[in-house]
Every structure is written in C-alpha cells, then in structure tokens.
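One structure below.
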Amino acid sequence: MLERNSNIRKAAGQVLHRVPLPIWRALVPKKAIGICYHVVSDTTLPHIKHYRPLTSAEFIDDIIYLRNNFAFISYEELEAGSARHAQGHFVIITFDDGFAKCARSEEH
C-alpha cells in the first residue's frame, strides 16, 4: 500500500509540475506567496556539494523581480491575515538555515 501511494504521489507530482503558472493562478488564486531561500553564496560551500546555491547577483535579480511585482510583507502580517483584504499581491521571503547544520560536526 505504501509503495502504491508513493507511485500515485510521484505520478501526480510529474503532472502538476507541467501545469503552467497562469493556470495555477486561475485555479488557486493567492493574495500572498512565500519564497524560501536556503543559501546565497558566490563561493563553493563544501558542506552542500549536492546543492547549487544562488549567487548574490541571482538573489538580487530575484529581489528586484519580486519588488516590481509584489509588495513585501512580514510573517506577522501574513499570520494576521493583513494581505487577505488589501489590494495587490504580496510576498514573504524566508531563509531556511537547515544547511548550517551540515557544517557543524557536533550536530551529526
């Protein structure tokens, strides 16, 4: 049963990843989106060989795009539902520092 569910999830994921963004926006309208970054670095980081981090230039490009297309909100504003009744589209940016744990041997 577990393998069957896994296969169904995998097939659904493959289909859903092919749906164009405009269709997603029409089907599931959102006033606010969240973007989670992990690493921004212009140098090779040995503890994350499996993951290509964004360069600072790529990150700046992302921020410029987001600034031109969304209004930034804080986590507190998102949690309070402030964006729900306001005009426009909103974005919240977070950083997941989970990769930092990979760099500390005492946490393995």
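In what follows, residues are counted from 1 in the order of the sequence shown. A quick note: this is a predicted structure, and the numbers were derived from the prediction, not measured.
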Can you name the residues that form a side chain to side chain contact (heavy atoms under 4.5 Å, CB included) with Leu45, not counting sequence neighbours? Val39, Ser41, Thr43, His47, Ile48
Criterion ring pair (Phe, Tyr, Trp, His ring centres under 6.0 Å) on Phe59 and Tyr37, from CA distance to verdict: CA-CA 9 Å; Phe59 180 68; Tyr37 288 97; 5.0 Å; yes
Nearest non-hydrogen partners of Leu78 and Ala32, listed with the distance: CD1-CB, 3.9 Å
For the residue pair Ile93 and Ile63, establish whether any side-chain heavy-atom pair is separated by less than 4.5 Å. yes
As an exercise, state the distance from CD1 of Ile33 to CD1 of Ile73, rounded to the nearest 0.5 Å. 10.0 Å
Excluding sequence neighbours, so at least two apart, what forms ring pair (Phe, Tyr, Trp, His ring centres under 6.0 Å) with Phe70? none
Please indicate whether Tyr75 has more than 12 foreign heavy atoms, meaning atoms of other residues, nucleotides or ligands, lying under 6.0 Å from its OH. no
According to a hydrophobic-cluster definition based on side-chain heavy atoms being under 4.5 Å apart (Ile, Leu, Val, Met, Phe, Trp, Tyr only), do Phe72 and Ile60 belong together? no
Exercise answer: donor-acceptor pairs, residues 12-20 side-chain atoms, under 3.5 Å, sequence neighbours excluded:
from, atom 1, to, atom 2, distance (Å)
His17, ND1, Gly13, O, 2.6

Do Leu66 and Ile35 touch side chain to side chain, with heavy atoms closer than 4.5 Å? yes
If the condition is side chain to side chain donor-acceptor pair (under 3.5 Å), which residues does Thr44 pass it with, not counting sequence neighbours? none
Apply the test side chain to side chain contact (heavy atoms under 4.5 Å, CB included) to residues Val40 and Thr55: give CA-CA distance (whole Å), side-chain angles for both, the deciding distance (0.1 Å), then the verdict. CA-CA 6 Å; Val40 176; Thr55 65; over 6 Å; no
Would the distance check show the side chain of Asp42 and the main-chain N or O of Ser56 forming a donor-acceptor pair, the cut-off being under 3.5 Å? yes
Using every non-hydrogen atom in the two residues, find where His38 and Asp96 come nearest and quote the distance to one decimal. CE1-OD2, 3.3 Å
Listing request: all salt bridge (Lys or Arg N to Asp or Glu O under 4.0 Å) pairs with a residue in residues 52-74, at least two apart in sequence or in separate chains. Arg52-Glu58
